[in-house]
A.B. asks: 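The structure follows.
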Amino acid sequence: MNEFAWFASRCGVSLLLGGLLAGPMTMGAPNESVLMPAPATLKMGSGRLAVTAGFSVAFAAAPDARLMGALRRTLRAMEERSGLTFARTAVGEYTPAADAGSGQLVIECAAPGEVIPQLGENESYLLEISPTRALLRAPTARGVLHGLATLQQLIQSDASGWFLPVVTITDEPRFPWRGLMIDVCRHWQPMDVIKRNLDGMALVKLNVLHLHLTEDQGFRIESKTFPKLHELGSDGHYFTQNEMRELITYAAARGIRVVPEFDMPGHATSWLVGRPELGSAPGPYAIERKWGIFNPVLDPTNEEVYRVLDGFLGEMAALFPDPYLHIGGDENNGKHWSANAHIQQFIKEHNLKDNAGLHAYFNQRVNAILLKHGKKLVGWDEILHPDLPAGSVVHSWRGPEGIAAATKQGFQVLLSNGYYIDLNHPAAKHYLNDPAPATAALTAAQRALVLGGEATMWAEWVTPELIDSRIWPRTAAIAERLWSPENVRDVPDMYRRLAVVSRRLEEAGLYHERYIDPALRRLAGDGATVNDLRALRAFVDLLEPVKDYKRGGQQPGATQFTPLDGLVDCARPDSAPSREFASTIDQFLATPRSAPAARRVETMLSDWRDTAQYLLDRLPALSPRLAEAQPLLQALADASSYGTIATAALRDGRELSTEEQRKVADAFKGAAVPHGAAELPVSKTLPRLIGASLAP
Ligand code: ACM
């Protein structure tokens, strides 16, 4: 099909139908909550509080700087959504209401709370919206911040204007530790990335930013005491201490704690570039450029290691106000320990039994240093050992059993297993993963030790340009799991609200949707037309990056220097049109003889076939970088064509011939093969048209 024919077909009936099916997202009927996370209790009333340019706010008591800052951000977001301009004073500040009785929004904050947010602070709030005013009441400023985030999500419009729905919300979190971990080491993530993600976190009530600051591939924090660490271990990409203070202040203003992680004793290559004498093998060491588990590891038998750690961690303890400090502890393969006779002798002499015993010894020494500097130890679940000091927090990542194992021994725990957003699974999978489900065999005492969890954004495959698309909007579903009552777990309703909050997140400054069109323009090259780009967009919206740790296998030569702007980087996890196809197939298979249901399936399939065929024809005119799309486009064209045959047969109650069955099955199998680290998730749904299993 030539470009014109493709365009014409898109403008015809199929575009209309396709457009309706792909649809504008469901914003929810006026009485349907759009909030994410869902509040602890929510009672919808009838009616609305109109929001006009005269909208004003009154504080029951004079607000402090943090509350004023949060209010300014919320009002600005409301202005930007509505196009209204609220009244301002001569110096540009929002004009406060003359008295509480005349404000459309009245804020009652009983106590300011800690300026640097603390674990376990009261975060509750009440938001009562009537047709005449909204009341936001909270015991501390933390609750007011959350209530304002709720308000920011609630403002909506219809033909009669902007409004807040009449509603009564009483809200508080289920877990006190609701985090997002960002690895700034594998690929450096500068200040603006962190700040805009803090804005997104605040909108969905996440309250811990865990920064993974040291790794084999980079040492990303300035040390004034041991400057060789960041000078030689970072390629010049690190946070200065002033920048880190700025981030901590920015986070605190949004009620978010910043917990730093310095990974040790393994994942430590970048420490050793500048300080090779701290390693367990002679060195020299160079910054690691590949992904995986590497041998370099600190030497726990070397007193100089503890002298440096005392100095460095003392410096970091002064920089980071949070009482918790993460020391990593994961994936130490022990190879350099096993190969070092002196280290093995040390293990024997100190009765440490094995490398795990030496790791526990190291953790005890580090814990003593942390205690001296007023910090509590957090580590990945490899730190769990009979000798782990009491009071440590175990961060479970390897399996769901980590929670039970650590709490059984009396340790507080965080869950990240199941929240690995870097592994590209759909939001639903993370959403249904609960840190302490009612069904788990945990005692009440064990349950009390579950602090919450963290989404983990490991950065092997993300740049500042595309990291938002790997974090959002899926992390909003994790935020809901950690905030909302356990029984809030309706997946379709989650997706309905996720589509809304995704837009709110973009309004808050994130790039998870809007990075894509510029990325596609670069990928397609200067010869690409508007129609090429439109077709490409439709195509990449049907792709997902491969899951789990498969990408390394698909792109084995990739290093820290490989540009991440190929086809797979324009594909995003949890493809919405693929999910929509799955539900369209559900409806069709429930009533296969229904002509309208069959037509909906056929319309989707014929759109895909046209798009794929159009792009296959256009590839020679486009950038050579798109050559990697060819096998997936061919597979999509074939699977769509044969899907159409299978659909028509079901609709007509006709059995496919043996030959047809073979061809259809082959086409569906072909669509299930990833190329260039991207895959077609509709390949999991298509086999249902021939009654086949969805198993990979
Ligand atoms: C980890 O993913 N190695 C904690």
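When a residue number appears, it is its place in the shown sequence, counting from 1. Here the structure is a predicted model, which is why all the values come from computation and not from measurement.
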A.B. asks: Would R497 and E480 satisfy salt bridge (charged side-chain N to carboxylate O under 4.0 Å, His left out), going step by step from the backbone distance to the final call?
C.D. replies: CA-CA 11 Å; R497 290 175 295 114; E480 173 154 298; 2.7 Å; yes
A.B. asks: For residues H187 and W291, establish whether the separation of their ring centroids is below 6.0 Å.
C.D. replies: yes
A.B. asks: Any Lys/Arg nitrogen of D468 or R196 sitting under 4.0 Å from an Asp/Glu carboxylate oxygen of the other?
C.D. replies: yes
A.B. asks: May I ask you to check whether Q446 and T407 show a side-chain donor-acceptor distance below 3.5 Å?
C.D. replies: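 Result is yes, a qualifying pair exists.
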A.B. asks: Would you compute the distance between atom CG of L232 and atom CG of L272 and round it to the nearest 0.5 angstrom?
C.D. replies: 12.0 Å
A.B. asks: Regarding R481 and the six-membered ring of Y431, is the cationic atom NZ or CZ under 6.0 Å from the ring centre and inside 45° of its axis?
C.D. replies: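 Judged by the rule (NZ or CZ under 6.0 Å from the ring centre, within 45° of its axis), R481 counts as positioned above Y431.
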A.B. asks: Could you check whether R257 makes a cation-pi contact with W177, meaning its NZ or CZ is under 6.0 Å from the centre of the six-membered ring and within 45° of the ring axis?
C.D. replies: yes
A.B. asks: Can you tell if the side chain of D330 reaches within under 4.5 Å of the side chain of H267, non-hydrogen atoms only?
C.D. replies: yes
A.B. asks: Residues in side chain to side chain contact (heavy atoms under 4.5 Å, CB included) with D354, at least two apart?
C.D. replies: A356
A.B. asks: ring-ring contact (aromatic ring centres under 6.0 Å, His included) with F294: which residues, sequence neighbours excluded?
C.D. replies: none
A.B. asks: Between CG of L358 and OG1 of T301, what distance do you get to the nearest 0.5 Å?
C.D. replies: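 It comes to 7.5 Å.
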A.B. asks: Go through the side-chain N and O atoms of N355 and Q344 and say whether any donor and acceptor fall under 3.5 Å apart.
C.D. replies: yes
A.B. asks: Tell me whether K429 at atom NZ has more than 12 heavy atoms from other residues, nucleotides or ligands lying less than 6.0 Å away.
C.D. replies: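 12 or below, so no.
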A.B. asks: Will you find, in the side chains of K228 and S223, an N or O donor that is under 3.5 Å from an N or O acceptor?
C.D. replies: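 Side-chain D/A pair, K228 to S223: absent.
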A.B. asks: Do H430 side-chain atoms and G418 backbone N/O form a donor-acceptor pair below 3.5 Å?
C.D. replies: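 At least one qualifying donor-acceptor pair exists.
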A.B. asks: D199 vs R73, test: salt bridge (charged side-chain N to carboxylate O under 4.0 Å, His left out). Steps then yes/no.
C.D. replies: CA-CA 10 Å; D199 288 330; R73 291 193 299 276; 5.2 Å; no
A.B. asks: Would you please indicate if the ring centroids of F219 and F262 are separated by under 6.0 Å?
C.D. replies: no
A.B. asks: With no hydrogens and no angle check, is any side-chain donor or acceptor of D64 less than 3.5 Å from a backbone partner on R66?
C.D. replies: yes
A.B. asks: Regarding E382 and H359, do their side chains bring together a donor and an acceptor under 3.5 Å, going by distance alone?
C.D. replies: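 There is no such pair between these side chains.
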A.B. asks: Check the side chains of S270 and D216 for a donor-acceptor pair under 3.5 angstrom, ignoring hydrogens and angles.
C.D. replies: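 Note: D216 and S270 side chains miss the donor-acceptor criterion.
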A.B. asks: Hey, are K205 and E123 close enough for a salt bridge, meaning a charged N less than 4.0 Å from a carboxylate O?
C.D. replies: no
A.B. asks: R142 and salt bridge (charged side-chain N to carboxylate O under 4.0 Å, His left out): which single residue from E121, E172, E114 fits?
C.D. replies: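 It is E121; the other options fail the test.
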A.B. asks: Are side-chain N/O atoms of H425 and D548 paired as donor and acceptor at under 3.5 Å?
C.D. replies: yes
A.B. asks: Does W271 have its ring centroid less than 6.0 Å away from the ring centroid of F226?
C.D. replies: no
A.B. asks: Are R254 and Y250 in a cation-pi contact, defined as NZ or CZ under 6.0 Å from the six-membered ring centre and within 45° of the axis?
C.D. replies: yes
A.B. asks: Looking at K353 and D387, does any basic side-chain N land under 4.0 Å from a carboxylate oxygen?
C.D. replies: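 The answer is no: the pair does not qualify as a salt bridge.
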A.B. asks: Under a 3.5 Å threshold, yes or no: a donor from one side chain and an acceptor from the other, between W380 and E261?
C.D. replies: yes
A.B. asks: Looking at R275 and E277, does any basic side-chain N land under 4.0 Å from a carboxylate oxygen?
C.D. replies: yes
A.B. asks: Any side-chain donor paired with an acceptor under 3.5 Å for Q560 and E288?
C.D. replies: no
A.B. asks: Are R174 and E486 within salt-bridge range, i.e. N to O under 4.0 Å?
C.D. replies: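 Looking at R174 and E486, the cut-off is met.
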A.B. asks: How about NZ on K195, more than 12 heavy atoms from neighbouring residues, nucleotides or ligands closer than 6.0 Å, or not?
C.D. replies: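 Yes - once you tally the heavy atoms of other residues, nucleotides and ligands closer than 6.0 Å, there are more than 12.
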A.B. asks: Under 6.0 Å between the ring centres of W337 and F362?
C.D. replies: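 W337 vs F362: aromatic centres not under 6.0 Å.
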A.B. asks: With a 4.0 Å cut-off on N to O distance, would you call E303 and R365 a salt bridge?
C.D. replies: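 Yes.
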A.B. asks: Between S416 and Y419, is there a donor-acceptor pair closer than 3.5 Å when you use the side chain of the first and the backbone of the second?
C.D. replies: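 A pair under 3.5 Å: no.
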